[in-house]
Amino acid sequence: MMTKVTLRNLMAHKVRLLLTGVAVLLGVAFVAGTLMFTDTMSKQFDDLFNSVGKNVAVDVRAKKVTGGDEDGQNAQPIPASLVDKLKTVPGVKSAEGQVSGYAAVVGRDGKLIGGSGPPQLGVNWTGDDGATRLSSGRAPNGPGEVLLDEDTAKKAHYRVGDTVKIIVAGPPQSMKVTGLVHTGNMMGATITSFDTPTAQRLLLKPGQFSEIQLGTTGVSEQVLRDRVAAQLPGNLEAITGTKMREENKSDVEAFLGFFRTFLLAFALIAVFVGAFIIFNTFSMLVAQRTRELALLRAIGAARPQVTRAVIGEAIAVGVVGSTLGIAGGAGLATLLQTFNGGGSLVLTAKTVIVSYLVGIIVTVVSAYFPARRAAKIPPVAAMRDDVALPQRSLRIRLALGSVLTVLGAVLIGTGLAGAASSGTANAVLVGAGAFGVFIGVTMLAPMISIPVVKVLGWPFAKVMRVPGRLAQQNALRNPRRTASTAAALMIGLALITMVNVLGASIRASVGSQIDDQFGADYTVSTDGGGGVDDATVGAIAKIPGVRSASRAYTGNAVIAGKKVDYTAGDMPALGKAARLTMVSGSDDPGRAGILLDKERAKALGASVGATVPVTFADGRTVALTVKGVYDKSDLLGSRVVSENVHLAHTARPIAQVVAIDTGGAEAPRAAIENVTKANPALKVQDQADLKDQVSKQVDGIIGFITILLVLSVIIAAVGVVNTIALSVIERTREIGLLRAIGMGRRQLRRMIRAESIVIAVFGAVLGMAIGIAFGASLQQALADDGLNILSIPYGTLVTYLVVAAVIGVLAALWPAWRAGRMDVLRAISTE
């Protein structure tokens, strides 16, 4: 019998439950889409790496000493002569020297192809292998010829026989496209292939290789590796092909794992918001069916049966919502795949199981408490006309909510205090504290809503008179319902506000740092890995009005057992360009010195005159003398190494930035831009340009995160629709009476719209207040790391308030229209 009751109730309330199912659908779609997309990317990378190194039994490479950019300017080359030596090792079938480095293609529009994520890679062409094959044309032969991968050629609008400009770590190269290479799905990477001598000259050094890959005659990888290792000098190592492929995969898996976790965090936020909608919907449905459920109890239904009936409805909603959510997730993942080069979608059993578990468990848990209250309805209540669920006291909520809020704030403070002392916040404490504050404020929201709704409803009461006063009273009538509906919107807007406060604070802080530390008139830097070549630097230095053009390099080293980054260059010219403030000693490290900021000097216990052992990427250790200690510099970093030392220990030194001193004159800028225009990877910037670049980067990140959080706001909007629609049904008789005593349809619609706006704006106000508090706390915790200015984007927050009001208007359209079409006599006669 109870199964029939459950099915009948599902059909009787299908529209309201459908709206609830939308909340489940959207949350599950985000979860399923994230899992499908990352699983698809993982499989594509696995297939790629398996094909790239399929025939490699042993890989010979330089030892990774510093763990930094050892595939770039710090990569140590391998002499080509070693290839012939390794061919004589027993068990070696083939030995092929590989060259790789930065090489970007300039499209017909003068812009670089790719970048901003996927690598721009140049290699030497060694013939078809498991990953690549020549699809048209011929192999390159000579210094002026190149192969392009098919996708890059298509994006750049090049064909075989065309002349293309290639950007490398040196002067741009004009080369003829002799053929196209099929590479499969390279995830947006650009691949250019040269003959081996040309690749060595452009990407590395003549007569040098990046690595040597060996095939086997049948000997096991481990045995061949040991034989090869015995022939290598101390700065090189041999690894098995299996290990090489696993390392490549592990690097990608680490990124995909972070990416998956990042997206799933937002998906779970959406699911969490959906839980409020589900709870609210079932609470209202149970309240509206109080007499019906009492009758079931009166005719013999036990409490567990009533609970199971309501839970059965929740399970049905969860199953349907999850099923549609998986389908929606497949659509979302397919859409993302189109931006990632396409390919077939991967749907695993794990994705399906996780999606159903998330959808069903969240729905059932959210509906459990309303179901439990339904089972407590006494059978005698069926004989009363005014039966309703009892309104419980808010005192327990007040006490528990206060405790959770305070406890959450303490946890956040403890975690952020760790950031002030050690530089890294305890993510677990901060996350747990934030969750505690959210739950605590949600529990306190019914009490908070009473004074806030009175204030928010006051303008409507004054302007709209009777409809406005009724809207205000309707929102106040059930504080729990109003708070639960607003809480869903609160969560999304709290996180969006926090992110925007952090973004505004980053822009303000970095802008202040640039004002304080940027002393150069102009800088020339690169968007890619090519750096600024010596010829360009020399040409800039000769421009009339240019006093100096100082190179700045970056590198990796090991100091006191820690892998660190450092800056090197023409000091003290760079010190002037960065407005370096010395605490002690000189700003010139000389030919074999190092400068430290005061925090690093203190940590190392090194003062001026002390020696610091530094191990560079080539494996050699040099004792550098501390020549000076300076105040913190965000532009130069914590360590500045002598330029001579850096050049001596770097295989292919590349200047990342050139600082230009013109004595404040603006005239040379046009001449500088004329020198750099041949290389579209180079950009000329002054202080204002640098600020604008930082602002755009921050805006891009904030915009991306905001888009991810918008889904939770959409789910919250669905919740407002559901709440207003159910409250209209709940007040059917009341609405009929209002219409009977003279309220017009337009006034009725205005009343419902005003109520919806008040609830939505209340959620927005509460959320933005929490978001500002969280954002300010994080800013204070990161003040010592450079985020020293708190900036609140008031204009953006006002926009969010307006958006919340618009959400309220849109959410009320259907319920208001439905209320206006009610038959007055039928509404009055409704029990």
Side-chain angles (χ1 to χ4, degrees), residues 2 5-6 9-10 13 16-17 19-21 23-24 27 268 271-294 296-297 301-319 321-322 357-378 381 387-405 435-436 438-447 449 477-488 490-491 715-716 718-719 722-723 726-727 730:
M2 297 308 294
V5 170
T6 299
N9 285 329
L10 285 170
H13 306 103
R16 273 98 72 189
L17 292 175
L19 287 174
T20 306
V24 181
L268 293 178
V271 171
F272 184 55
V273 170
F276 284 88
I277 311 307
I278 299 164
F279 173 82
N280 226 21
T281 301
F282 276 92
S283 294
M284 296 179 73
L285 288 176
V286 167
Q288 292 171 13
R289 290 156 48 197
T290 302
R291 190 171 186 185
E292 170 193 328
L293 296 173
L296 288 174
R297 294 278 286 113
R303 283 188 178 187
Q305 288 180 301
V306 174
T307 301
R308 286 197 296 270
V310 178
I311 291 295
E313 297 174 32
I315 292 174
V317 171
V319 169
S322 299
L357 285 176
V358 168
I360 294 173
I361 290 175
V362 169
T363 307
V364 170
V365 170
S366 301
Y368 171 74
F369 295 101
R372 189 164 170 266
R373 288 204 302 271
K376 292 182 178 180
I377 299 173
V387 60
L389 288 178
Q391 292 295 318
R392 293 168 299 158
S393 171
L394 294 174
R395 284 178 296 182
I396 296 177
R397 292 178 67 107
L398 176 62
L400 188 56
S402 299
V403 170
L404 284 174
T405 303
F435 184 75
F438 272 128
I439 299 299
V441 172
T442 300
M443 297 190 73
L444 294 173
M447 287 71 75
S449 70
R477 180 183 301 178
N478 193 328
R480 283 188 175 85
R481 180 189 305 165
T482 297
S484 181
T485 306
M490 172 198 79
I491 295 168
I715 294 175
V718 172
N722 223 3
T723 298
L726 288 169
S727 67
E730 188 179 73

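Residue numbers run from 1 in the order of the sequence given.
Rounded to the nearest 0.5 angstrom, Met443 CE and Arg480 CZ are separated by 9.5 Å. Taken from CD1 in Ile491 to CD1 in Ile439, the straight-line distance is 7.0 Å, to the nearest 0.5 Å. Annotation: the span from Phe279 atom CZ to Thr485 atom OG1 amounts to 10.5 Å, rounded to 0.5 Å. Here the straight-line distance linking atom CG of Leu444 with atom OG of Ser449 works out to 11.0 Å at 0.5 Å rounding. One finds the CG atom of Leu404 at 13.5 Å from the CZ atom of Phe438 (value rounded to the nearest 0.5 Å).
The shortest side-chain heavy-atom distance between Ser322 and Val358 does not fall under the 4.5 Å cut-off. The side-chain heavy atoms of Val319 and Ile360, taken from C-beta on, include a pair separated by under 4.5 Å. You'll find the side chain of Val362 stays beyond 4.5 Å of the side chain of Val24, heavy atoms only.
In summary, of the residues considered (Leu398, Thr405, Leu400), a side chain to side chain contact (heavy atoms under 4.5 Å, CB included) with Ser402 occurs for Leu398 alone.
The environment of OH in Tyr368 is sparse: at most 12 heavy-atom neighbours from other residues, nucleotides or ligands sit within 6.0 Å.
For the pair Thr363 and Gly318, the tightest heavy-atom approach, listed with the atom from each and the gap, is OG1-CA, 3.7 Å. Heavy atoms only, all atoms of each residue included: Ala488 and Phe276 are closest at CB-CB, 4.1 Å.
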